[in-house]
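Below is one structure; the comments refer to it alone.
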Amino acid sequence: MDELAFSASAGLTLGVEIELQLVRAHDMDLSRDADDLLARLSKRKLPGAMKPEITESMIELNSSVHADSAALMHELEVMRQAVVREAGVLNVRVCGGGSHPFHDWADRRIYPNERFRSVVERYGYLAKQFTVFGQHIHVGCPGGDEAIYFTHMLTRYVPHFIALSAASPFYQGEDTSFQSSRLTAVSAFPLAGHMPFVSGWADFLEYFTTMKRFGIVASMKDFYWDIRPKPEYGTVEIRVCDTPLTTRRAALLAAYAQALCAYFLTEHPREPSRSVYLVNSYNRFEACRFGTRGDMVDPYAGARKKIGDDILETIALIAPHAFRLGSSELLEELAAGVRVGESDAAWLRRRYAARGSLADVVRDACTRWEQGS
Amino acid sequence: MIRDFLPALPPVLSHAAVFGALVIVGLLAGEAVRRYASLPRITGYAVAGAVLGPQGVNLLTDNMLFDLRILVDLSVGLIVFELGFRLDLKWLRLNRWLLATAVAESAFCFWSIFGALVYFDFRPVLAAMAAAIGTATSPAVVMLVASDLRAEGQITERMLLFTAVNSVFAYVLLTLLLPFLHLEHKATWEQALFHPLYLLCGSIFAGYLACLLMLRLAAWLGKREELQFVLLVAMVIVTVGVAHALKLSVSLTLITLGILARNLDHEHALLPVHFGYGAQLFFVILFVLVGASLEFSAFNAVAATVVAAYIVVRFLGKGLALLLFGPLSGIRPGGAGLLTIALLPLSGSAVVMVRDTTSLYPAFGKELAAVVLSAVVILELIGPLATQFALRRAGEARPNG
């Protein structure tokens with residue numbers, strides 16, 4: 001039960017995990033150099049942590065805990081430079097983006113460690129298909145009840161995070177017509193979806209204990225929810241974002257999550273509502289398919305609107321909190337992008353239109369990541 | 001009169017039919033050794049060739065081998081082109097230690113063989129030529145084994161890179177050694193000077209022109225994989241033919257084409273090449289023919305010590321360089337040793353190089369052949385096995401590959 005003791009963190013602290021694609025220089029397909037790259041990186045003194053992920057074509061950057069998004073952005077930049085330098089020694093290229101545009105999932109090889117082996121044993125081909133790349137955002141919660149409250153509140157904003165981060169328009173060599181095709185790979189897992197409608201931390205513990213008694217889960221890691229409390233870190237974790245094409249955008253998304261949580265914590269604007277979960281999968285689909293141009297239903301107002309408009313209204317609403325957190329400029333940058341309809345998915349599609357081959361799209365994405373924002 | 005429509009006996013088979021038959025025999029032999037002996041397919045191809053060849057049952061006669069030489073050139077052309085296409089100069093720029101390792105690998109290997117042969121009282125020119133030939137790892141073997149195992153990773157990448165570098169090193173060095181050979185045979189100084197100059201500059205220039213043309217045509221065709229595949233294969237065939245007609249070095253011309261195609265294509269007009277199943281055809285035919293050309297007669301007890309020394313010091317030379325410089329270039333611990341083993345295969349085109357020399361100065365060729373061709377016989381059989389072992393051991397082969 002110890003793993004479920006909620007280790008309270010200083011409220012509204014910030015951290016991210018970013019999964020990156022490792023690409024072969026000669027044909028821009030995914031490589032399998034995670035082990036060699038991580039071995040090199042482990043010899044350097046770097047902030048945060050770098051970890052393996054399910055297949056050998058990915059690595060994960062974990063930031064340390066930050067009070068503000070500017071410090072986070074700086075740290076991600078330091079980590080990015082280190083990864084790029086060490087990857088260069090191995091002739092491996094690195095990029096962001098939620099999916100590799102044309103890799104063949106069957107070619108992937110599972111990273112050889114105990115946990116990932118058991119994932120393959122359990123989930124079969126889903127494990128290899130899970131070679132998609134996401135950004136997870138952690139926001140510190142003062143206690144378990146707040147984590148549950150944040151989870152319920154943030155669910156209304158799931159389409160925002162999907163649309164703002166969308167960077168996986170291509171999958172298995174095709175234009176999927178989606179802005180984010182990555183989440184489809186996540187949805188296939190039996191424990192994907194969202195947290196049940198629990199009222200507080202005690203209620204959640206009861207649910208977890210039941211699931212554990214049934215033998216359905218062994219730990220919190222087994223839930224692949226869009227948003228989940230993470231008692232071990234004392235955070236709420238947003239898991240719907242595609243890895244953006246730049247570290248800068250990764251920090252912008254984190255800043256947005258932080259300001260939203262500041263708004264929830266200080267203003268306690270709404271009570272959790274079941275209606276949020278009624279409209280959730282509709283909103284989620286619209287965001288994946290159409291990005292900021294998609295529709296969403298605001299479960300509290302009962303109104304339909306464009307996701308992009310809702311984002312702009314929200315940014316205006318939480319502006320005072322962003323100001324206090326020192327992230328006004330970052331949120332303004334995010335809003336400016338929404339106004340002109342810019343997104344990483346759109347950028348990738350433009351590269352494809354200009355270049356005519358998906359290998360070139362990957363190469364351009366690598367160049368963008370390697371050169372920094 | 002009435003039987004005019006019947007063929008004369010025995011029927012004369014076209015080269016196409018011989019080609020097809022060889023592929024089938026090689027294919028079956030390759031699969032058989034893989035299935036029943038867990039050996040690399042290449043070994044099966046070569047054994048099939050050796051059995052069919054002049055030294056064996058003589059179904060493949062010397063004359064046929066000579067006629068089929070164009071197929072060898074074509075196969076070698078495609079293979080060294082693809083190898084050159086994998087040589088990323090940017091990697092060498094970013095990782096200077098890697099460049100140092102590659103150069104040391106070639107240089108150490110050359111000097112150790114040279115030293116050993118001089119120790120055994122071979123004339124310096126002869127020793128140098130045999131050493132130059134020995135420096136090259138067989139592009140065909142490493143590429144075929146890597147593709148058969150679907151190997152991927154740092155050891156595989158470096159194996160291909162070092163093979164590309166030591167092949168270029170060997171081609172260039174052999175060419176530069178020609179003047180000494182000419183002078184030893186009392187040729188005029190013009191011949192001694194201009195022949196290597198012509199070979200070197202001509203081959204590189206031909207490769208460069210072919211590259212420019214290919215990039216232009218690829219840009220015009222657009223990013224269509226099926227069209228570019230045909231263009232690439234056709235360009236390689238044409239370039240092989242031209243190099244042949246101009247008496248240039250096919251290998252040097254084609255590896256130049258490959259290297260430049262990768263490194264001059266700033267607009268990325270060329271899509272990544274995957275010769276895939278098509279390449280297999282050429283691999284099979286190449287190794288059957290190489291197997292048929294193996295000179296078992298060159299092998300004799302007197303030469304055995306020298307040949308053994310040749311093989312051992314070649315291995316040690318490569319190993320020393322990789323152990324000294326490899327770790328600095330970012331090879332994982334243990335990787336240098338595996339790489340040394342992977343680089344063991346001796347270039348089958350050594351046979352071609354020796355034959356070229358033979359045609360120039362027959363007596364000289366024979367002396368060279370005794371050593372080199374015996375080493376080829378041995379390394380043709382154990383080389384693929386070594387590469388396969390190294391890539392598997394490095395964990396880079398696909399588990400079911």
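When reading the values below, keep in mind they use all heavy atoms of this one structure, side chains included, and skip hydrogens, waters and symmetry mates.
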Task: Closest non-hydrogen atom pair between A/D27 and B/P272, with its separation - done: CB-CB, 3.4 Å
Open item on the list: Sort by residue number and list every residue of residues 91-99 of chain A having at least one heavy atom under 4.5 Å from chain B.
Closed with: A/N91, A/V92, A/R93
Open item on the list: Less than 4.5 Å to any heavy atom of chain A: does that hold for the side chain of B/R158, its backbone, both, or neither?
Closed with: side chain
Task: Which portion of A/A359 sits near chain B, non-hydrogen atoms under 4.5 angstrom - done: side chain
TODO: Counting only heavy atoms closer than 4.5 Å, note whether B/E225 contacts chain A via side chain, backbone, both or neither.
DONE: neither
Open item on the list: I need the residue from A/E56, A/R24, A/M28 with the largest number of non-hydrogen atom pairs under 4.5 Å to chain B.
Closed with: A/R24
TODO: Tell me, yes or no, whether the heavy-atom count around A/R350 atom CZ, taken from other residues, nucleotides or ligands under 6.0 Å, exceeds 12.
DONE: yes
- [ ] Answer yes or no: does atom NZ of A/K51 have more than 12 heavy-atom neighbours from other residues, nucleotides or ligands under 6.0 Å?
- [x] no
Task: Part of B/R262 lying under 4.5 Å from any heavy atom of chain A - done: side chain
Task: Engaged part of B/L271 at the chain A interface, taking heavy atoms whose separation is under 4.5 Å - done: side chain
Task: Verdict with reasoning, B/L87 to A/H26, per side chain to side chain contact (heavy atoms under 4.5 Å, CB included) - done: CA-CA 9 Å; B/L87 180 60; A/H26 73 96; over 6 Å; no
Task: Side chain, backbone, both or neither of A/R355 within contact of chain B (heavy atoms, under 4.5 Å) - done: both
Task: CZ (B/F229) with more than 12 external heavy atoms under 6.0 Å - done: yes
Task: With B/Q154, the side-chain contact (heavy atoms from CB on, under 4.5 Å) member among A/L37, A/D35, A/D36 - done: A/D36
TODO: Can you see which heavy atom on A/A25 is nearest to which on B/D88, and at what distance?
DONE: CB-OD2, 3.9 Å
Open item on the list: With a 6.0 Å cut-off (strictly less than), is the heavy-atom count around CZ of A/R349, excluding the residue itself, greater than 12?
Closed with: yes
Open item on the list: When you compare the side chain of A/D360 with that of B/K223, does any pair of heavy atoms fall below 4.5 Å?
Closed with: yes
Open item on the list: Atom CD of residue position A/E121 - does it have more than 12 heavy atoms of other residues, nucleotides or ligands inside 6.0 Å?
Closed with: no
TODO: With rounding to the nearest 0.5 Å, note down the distance linking CG in A/D364 to NE2 in B/H268.
DONE: 7.5 Å
TODO: Give the member of B/G395, B/G153, B/G335 that has the highest number of heavy-atom pairs under 4.5 Å with chain A.
DONE: B/G395
Open item on the list: Heavy atom to heavy atom, less than 4.5 Å: which residues from residues 106-113 of chain A reach chain B?
Closed with: A/A106, A/D107, A/R109
- [ ] Considering non-hydrogen atoms only, spot the tightest contact between A/L30 and B/E152 and give its length.
- [x] O-OE1, 4.0 Å
Open item on the list: Are there over 12 heavy-atom neighbours, none belonging to A/E342, within less than 6.0 Å of that residue's CD?
Closed with: yes
